Amino acid sequence: MDIKFDAVKNYEKTKKIVGYLPREKTKPQDYYEMGFKCGLEIHQQLKTEKKLFCRCPAGLYQKKDEYDAEVIRHMRPTLSEMGEYDGTALMEFKTRKNITYHIKNETACTYEIDDTPPFILNMQALDIVLEISLLLNTNIVGELHITRKQYLDGSIPTGFQRTALVGIEGEIQLKKKKIRIIQVSVEEDACREVSDIGHERVYITDRLGMPLVEMVTYPDMKTPAEAEEAGQYLRFLTRSTERVRTGIGAAREDVNVSINGGTRVEIKGVSHIKWIPELTHNEAFRQKALLEVKKILNKRITDPSKWRIKSKDVSASLLKSYNCPSKNLSGEKNRIVCVNLPDFRGILSFFTQPSKMFANELIDRLKVIACLEKPNMIHSEELEPIISEDELSYIKKILNTKENDAQIITWGSDQDIKTALETIEERCLLAFKGIPNETRKSFRDGTNIFERVLPGPNRMYPDTDSAPIPIEESQIQEAKKSLPSSIAHRIKQLEEWKIPSDTYIYILKQNLFELIKKIIEDFDENPIFVGTLIGHKLKNIEGKTNPVSLFNYSKIYALFAYVIKNKLKKEIIKEMLPVMYKNPNMDFDSILKITKYEKCSEARIISFLPDLKEKFKKINNSKKSSQAESLWIMGELHPIAKGNMDFDRLRRMVDGGKDE
Amino acid sequence: MSDLFKGYKGKSLLVLKKFKIRVWSETLIETTRGEFKGIILPRSEYDDDLHIVLKLITGYNIGIDVNTIINMKELGYKEAHYKIPEKEFPFSKGKPNVKLFGTGGTIASRLDYRTGAVIPAFSPGELYGAVPELADICNLTTEKLFAVFSENMGPEEYKTLAIAIGEEIKKGIDGIIIGHGTDTLHHTASALSFMVQNSPVPIILVGSQRSSDRPSSDAALNLIHATKAAGQSDIAEVMVCMFGPTSDEYALLHSGTRVRKMHSSYRSTFRTIGDTPIAMVDKEKITPIWTDYNHRRNDRNVEIYPYFEEKVTLIYYYPNMQPDIIDSLVENGYKGIVIAGTGLGHVNKLVYPAIERAIKRGVAIYMTVQTLWGYVHMFVYDTGRDLMSKGIIPAENMLPEVAYIKLGWALGQTNDLDKVRQIMLSPVNREITEREPYNGYLIFQGGVPGIDDFLKKFHK
């Protein structure tokens, strides 16, 4: 008789085999030992007026349910220039999706729906990408060749993205190491997905065709933290040009991860750099888990080429204890199928990611490739059993299973079930080989799911609709004249100024370095004061204030100029800044008035000291520490001292020091 | 020699020769802008001689400015063999036999490095490899008659096609498809309508607006629709089969004499003018719109009239057209002129003397309308009556291009202008209709509220 399988125990056991640790407990050494390697592909929208290949406005978004017309397309794989079909392309073709585009007149013309060939490339966009390519120290190409990169998921109505290389082979300098850059390209953005249910996928075309820069690094990052650092660096670098878009979705990262013995897996569409460490950490362990699965399977089965699944149709009535969604589907073409996976016992519940197991690899592929909506299968190793022991026994009986096998039940239309069975067998066979080449979708919790088979160079094809565009030497020289300073240089300078390092991300992200530098140099200001005013105070204000109109950072420079011109002391800036931020159009005199500033001579301020000391003694009998005293006095004097007297000097005098 | 350096000329050719590098070489190029490594690709002959095209390992192509090249080193050699996977087209008993004639359209195509454009490539095996659905519809055989772009199709090709179609019908084929570039698809369609008469089987012209080297191409679906219409429909007419809406939904079968390309790039570019299409086709079914089309027959009594007089022209009238335009046509020996006139069929007084001279010299002149929709009505205004009295013959509601083709065809048969007139004004197949249906003219205007509501629901 069959011994009852304990899936929960198996899951915990396999988690130990994999050696999974939470990220905070994982040391750099652990990643080195795994052979962790990570590369980034960063997509950043460019701040141009118009789209890349047509004259539609860029940066205009529509609501997801708002549209003027619909267009339907199906994608079909084509040959690459070198004469081969791409793997992803064939997978997408299998899925047989109806793709509907929702078009809004304001944001899309006939180019977006591929009813007009491309217009000449937006030169403003090329100019920005050329600048970024130079900042990344890449070799600039002699001539731009627009290339078509196939995407059969429908995210681009043509079935390909138009893209062109501008520079190759560059590098950036992180704190401790150099990261090499493979390439920089200018390309068009894709549609935004509205929904993807069964065989119906819906997109809107507003974002489609907006110019992007794509920056690709070598897999030189050896820990998740390095990946994050590189991501931040590249983000700061694009921001330093002041010619890129900011805000939700303006920058998106694809993260490539591999470990020793593994293959490159691409996690797509990571919208926050701070998610990168957790995502890459989990992906590394998922790959480690799949390598363990590979070991086990190859030990159990000597000739995987003979390994096959076995399936049988069952009737819905047999699954009494499970409310199978298929029961609700009308039509005779729906089937419920049980599948036997020989020698897969203990594999389905094998740990892969936090709260995920090998079965999820199948579930996710069934959704994407066979278009089976979740829940799309149940299996013999559920952590909480879904069907009864009796039902499972019955299934094992009709499939004539062996003790070491595992079982799956899935359901769907006749056509989808055909694809589903192929998909299950294909994924299981891939487990013998280890880690499939995939692109995977990221989740906020740091896990990821299958998205597509990873495309190769076979999906590239020259764009026969456009002519090459030369990049002249003079263009490069012109762009070099106005390059911003490098991020590595900026970080070094901030360190030399002794500005606290917790301000750097904010300063570099908002591209405020040049402003700080100008204030320090032009007004001979204390760098720490300026750095913290912006990196702490301004960041704080920004986090909790909604300005009535757009706040322009250059006003901070004008504020310093005003304070100096009016011979005020700089402390007043801290008072004026929140008012100015909230009301960007208010004049400085009024701002000053709002801070309740009153002119008062230093002598007069100091003259209050003896009285205040007396007063403090009276009201504070219990704690008479001198520190408490000076704090209290400073507080009392603050309203009249601000802007009139240097606080440090006042403090020294409160503490009984001499006026130096 | 030229094979080694495909498309390279001038400076770039000199550089390649200097470093002994050929096309398809895997090459390391040292330049003043850094190093580049990849395979040297052929260059389009239309592009400049200052750049060398390189395919990088990532699949991207780039150009290298020859003026920046310091050194080139061959590392290997990899010639691309672009081939659509060829699988034998399966023959199934009971399925209709369909013949596909190739003229050089973009039904199936591959990249042409010489021009950078796409060139056609098809055999049944290749087509089956690219569009396997075809085997569910029919047994397909193909024959490449010529490989020319649509704009290079002309009288000789029309005649060759008509004769080939006639032979194929006599051999017992169940349906015919002609793959054709879209620009002049409607000219060929009307030529075949006159040259191939009384066909017992469907004759379908098909092309694609987006070349088949892109995933969203309309080529495969057009071919599926055309094959279905040719093999399975009951409609024995010369027809154009192209997308109805721009969406991948259904095709329309247009009469060969009433169809016209109406947009430079839309997929749904072909429209029936002044009438409704003959039928709709999708993957599942054929839905006739006409009730009085010619039905499929079992006999083989097709009539082939492969005639064409090349000295025929079509002129598009514009205000202030000078008489020397017409005089020079006559000087050059033109025998027939079709005028696309304004409004109901008018030209200005300035050209009257030239028209008189032409008529006197025995030139056949027919009037059509550049409005495309509607009939020539030359009795309404004095201008029209003047022109008729000078001998211009109104061509009813024949489309200008169709009138041009028909006049060439008629003059190809006889020089007797009375006979020509008889041929011109006796409709062969709806090129002249007696009545224009209420829904034969539909050009909606965007922005009008009712229309925009409709467009939101209806796939245009």
Side-chain angles (χ1 to χ4, degrees), chain A residues 67-83 85 89 98 105 110 113-117 138-145 147-152 156-160 163-165 168-169 182-183 185 216 456-462 464 467-468 470-473 476, chain B residues 31 33-36 41 44 46-48 50-53 55-68 80-85 110-111 116-118 130-131 209-217 220-221 245-249 263-268 446 452 455-457 459-460:
Chain A
Y67 61 94
D68 294 325
E70 283 185 335
V71 170
I72 292 176
R73 297 244 193 277
H74 304 94
M75 298 295 159
R76 180 178 280 270
T78 60
L79 287 179
S80 83
E81 188 187 11
M82 298 307 258
Y85 280 110
N98 287 321
N105 185 39
T110 50
I113 54 164
D114 189 34
D115 266 324
T116 291
T138 56
N139 305 339
I140 307 298
V141 304
E143 198 180 48
L144 219 62
H145 282 245
T147 305
R148 300 172 176 179
K149 192 193 278 182
Q150 269 197 23
Y151 281 99
L152 278 92
I156 307 186
T158 45
F160 54 77
T163 166
L165 270 194
I168 65 161
E169 300 297 328
I182 298 177
Q183 63 186 45
S185 49
V216 186
N458 282 334
R459 64 169 172 161
M460 308 296 285
Y461 192 82
T464 45
I471 299 183
E472 311 287 352
E473 205 55 40
I476 297 175
Chain B
T31 77
R33 295 187 190 177
E35 277 185 359
F36 298 88
L41 292 184
S44 162
Y46 301 132
D47 291 336
D48 67 29
L50 297 174
H51 296 87
I52 286 170
V53 189
K55 176 172 277 305
L56 307 182
I57 184 126
T58 51
Y60 278 88
N61 292 358
I62 59 165
I64 306 284
D65 186 338
V66 292
N67 292 317
T68 64
H81 291 283
Y82 187 104
K83 216 169 172 306
I84 294 168
R110 67 180 179 86
L111 194 72
V118 282
V131 194
Q209 278 290 87
R210 294 285 94 79
S211 62
S212 62
D213 58 357
R214 72 170 78 200
S216 61
S217 168
L221 200 52
T246 180
S247 287
D248 289 3
E249 286 187 319
H263 193 280
S264 65
S265 55
Y266 251 91
R267 286 163 169 76
S268 50
D452 270 13
L455 284 177
K456 190 168 175 177
K457 290 178 214 126
H459 297 155
K460 72 184 169 85

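Numbered from 1 within each chain, the chains take letters A, B, ... in sequence-line order. Predicted model only: the values in this text are computed from it and were never measured. Atoms considered below: every heavy atom in the structure, side chains included; atoms not considered: hydrogens, waters and symmetry mates.
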Tell me whether B:Thr246 contacts the main-chain N or O of B:Ser268 through its side chain, where contact means a donor paired with an acceptor under 3.5 Å. no

Heavy-atom distances under 4.5 Å only: say whether A:Gln183 touches chain B with side chain, backbone, both or neither. side chain

Look up atom CZ in B:Arg267 and atom CG in B:Leu221, then write down how far apart they are to the nearest 0.5 Å. 10.5 Å

Under 4.5 Å, counting heavy-atom pairs only, tell me which of B:Asp47, B:Val53, B:Ile62 racks up the most with chain A. B:Ile62

Heavy-atom proximity to chain A below 4.5 Å, by part of B:Val66: neither

Rounded distance [0.5 Å steps], CD1 in A:Ile140 versus CD in A:Glu472: 13.5 Å

What distance do A:Asn98 atom CG and B:Glu249 atom CD have between them, rounded to the nearest 0.5 Å? 9.0 Å

Okay, A:Asp114 and chain B: the region with an atom under 4.5 Å from a heavy atom over there is both

Would a distance-only check, ignoring hydrogens and angles, find a side-chain to backbone donor-acceptor pair under 3.5 Å from A:Asp115 to A:Thr110? no

Would you compute the distance between atom CZ of A:Arg148 and atom OG1 of A:Thr163 and round it to the nearest 0.5 angstrom? 13.0 Å

Under a 4.5 Å heavy-atom cut-off, does chain B meet the side chain of A:Thr116, its backbone, both or neither? both

A:Thr158, A:Thr147, A:Ile476, A:Val71: which one forms the most heavy-atom pairs within less than 4.5 Å of chain B? A:Thr158

Top of B:His51, B:Lys457, B:Glu35 for chain A proximity - count of heavy-atom pairs under 4.5 angstrom: B:His51

Among B:Pro245, B:Gly446, B:Ser247, which has the most heavy-atom pairs under 4.5 Å with chain A? B:Ser247

Calculate, to the nearest 0.5 Å, the distance between atoms CG and NZ belonging to A:Asp68 and B:Lys456 respectively. 7.0 Å

For B:Asp48, is it the side chain, the backbone, both or neither that has a heavy atom under 4.5 Å from a heavy atom of chain A? side chain

Side chain, backbone, both or neither: which part of A:Leu165 has a heavy atom under 4.5 Å from chain B? both

Euclidean distance, A:Phe160 CZ relative to A:Gln150 CD, rounded to 0.5 Å: 9.0 Å

Part of B:Ile52 within contact of chain A (heavy atom distance under 4.5 Å): neither

